[in-house]
Number of protein chains: 2
Amino acid sequence: MTIAEAALATGLTTHTLRYYEQIGLIDPVPRRSGQRVYGDIEMRFIQFVLKLRATGMPMRDIQAYVRLRREGDTPDSIRQRGDLLVRHAAHLREQRASLDETIVRIDEKIALYGSMYADATPSPAVASPATASAPSNPRKHA
Amino acid sequence: MTIAEAALATGLTTHTLRYYEQIGLIDPVPRRSGQRVYGDIEMRFIQFVLKLRATGMPMRDIQAYVRLRREGDTPDSIRQRGDLLVRHAAHLREQRASLDETIVRIDEKIALYGSMYADATPSPAVASPATASAPSNPRKHA
DNA sequence: GTACGACTTCGAGTGCGCTCGAAGTCAACA
DNA sequence: TGTTGACTTCGAGCGCACTCGAAGTCGTAC
């Protein structure tokens, strides 16, 4: 896989991919005659890193994690990596709790609006809270 | 409630509170001899706005929502507010799904690390979700 | 009557996470 | 041989959401 293909697969740009490598967010990718070759291992790790990032783990912590990985599987490295992940997991559980609460509140408000005017219920394309799969604006794009 | 008290209650600064008002993230707070007086209604709405913001709703959308509220309860305003909330709710459900997935992955990795060395289980100080402070907190303030 | 806290406007600065472009080099493929 | 695509370093710029400070005014309370 070339960098262009990796970019396509991850939804990042080649710029960003190189940038991530440069700042140590991912390990240096192996080269063949100077060009980066992305294999399964690289891709899987990048996906993992993107998950961390998408869930709000600060770059610094991800960098720390990657640094520890490079240190190898010493007990110390493993313990510290574990700690980082445990801390992030705790953070995610908090996030989820807050998210659940917010969803409840919003659903209440939606119901309220729906009941205010029979006329004025949210537009059908988007009306049911169960219809949770619509990614974004239902009126653009058909 | 003065602005200082409101700041304390929300965890924001007085600066930020005025800033939010200025950019239309919250309605103008009623004044008594020029000074803002925060009542229950204001506080509750601010908390709601903070929930929206904490769950990643862009300022612009919150501003739009507040603008619509100010328009009053016309069918159009209500429908549009409903739509905004429904869209955000959908977004939150996606977020939650991704969050759940990430939690599972991280827990797997934690278990893996735990099993690698009996020695190297995550340190107790940090092991319990109850003891959870986020890794390098993105929002300052406490 | 003065201290305190709030008010206003203004503008600059911060930190994060990209994002882009320029300029020049190099290797593989048709 | 020439067109690609990738490589490097460098530095500027951007959008978001604050964050801070300065300067000067005003009202209330001890």
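Below, chain A is the first sequence line, B the second, and so on; all start at residue 1.
Between A/L25 and the options A/L50, A/V49, A/I46, A/V66, a side-chain contact (heavy atoms from CB on, under 4.5 Å) holds for only A/V49.
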Listing time: all N or O pairs from protein to nucleotides 3-10 of chain D that are below 3.5 Å?
residue	atom	partner	partner atom	Å
D/dA6	OP1	A/T2	OG1	3.4
D/dC7	OP1	A/R36	N	2.9
D/dC7	OP1	A/R36	NH1	2.9
D/dC7	OP2	A/R18	NE	2.8
D/dC7	OP2	A/R18	NH2	2.6
D/dC7	O5'	A/R36	NH1	3.4
D/dT8	OP1	A/R31	NH1	2.7
D/dT8	OP1	A/R36	NH2	3.3
D/dT8	OP2	A/R36	NH1	2.8
D/dT8	OP2	A/R36	NH2	2.9

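Atom-to-atom, CE of B/M57 to C1' of D/dC16 comes out at 16 Å; the value is rounded to the nearest Å. Whole-Å rounding puts the A/I23 CD1 to C/dG15 P distance at 16 Å. The distance from atom CD of A/Q63 to atom P of C/dG15 is 15 Å, rounded to the nearest whole Å. Rounded to an integer number of Å, the gap from CD1 of B/I62 to P of D/dC18 is 9 Å. Between the OH atom of A/Y19 and the C1' atom of C/dC20 there is a distance of 13 Å, rounded to whole Å.
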Given salt bridge (charged side-chain N to carboxylate O under 4.0 Å, His left out), test B/R31 with B/E21 step by step and report yes or no.
CA-CA 13 Å; B/R31 321 289 165 118; B/E21 194 179 319; 2.4 Å; yes
A/E42/A/R36 under salt bridge (charged side-chain N to carboxylate O under 4.0 Å, His left out): CA gap, chis, key distance, verdict:
CA-CA 11 Å; A/E42 283 76 26; A/R36 289 169 182 82; over 6 Å; no
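Counting only N and O atoms by type, the side chains of A/H88 and A/T55 include a donor and acceptor under 3.5 Å apart.
With the nearest nucleotide of DNA chain D identified for both B/P58 and B/S33, B/P58 has the one nearer the 5' end.
Dashed line: the shortest gap from a side-chain N or O of B/Y20 to OP1 or OP2 of D/dC18 is under 4.0 Å. Using a 4.0 Å cut-off, some side-chain N or O of B/R53 falls inside it from OP1 or OP2 of D/dC18.
Relative to the six-membered ring of B/Y20, B/R53 misses at least one condition, a distance below 6.0 Å or an angle of at most 45° to the axis.
Comparing atom distances between the A/M59 side chain and each of D/dC20, D/dC18, C/dC18 picks out C/dC18 as nearest.
A/Y65 and A/F48 have tilted rings, their planes meeting at an angle from 30° to 60° on a 0 to 90° scale.
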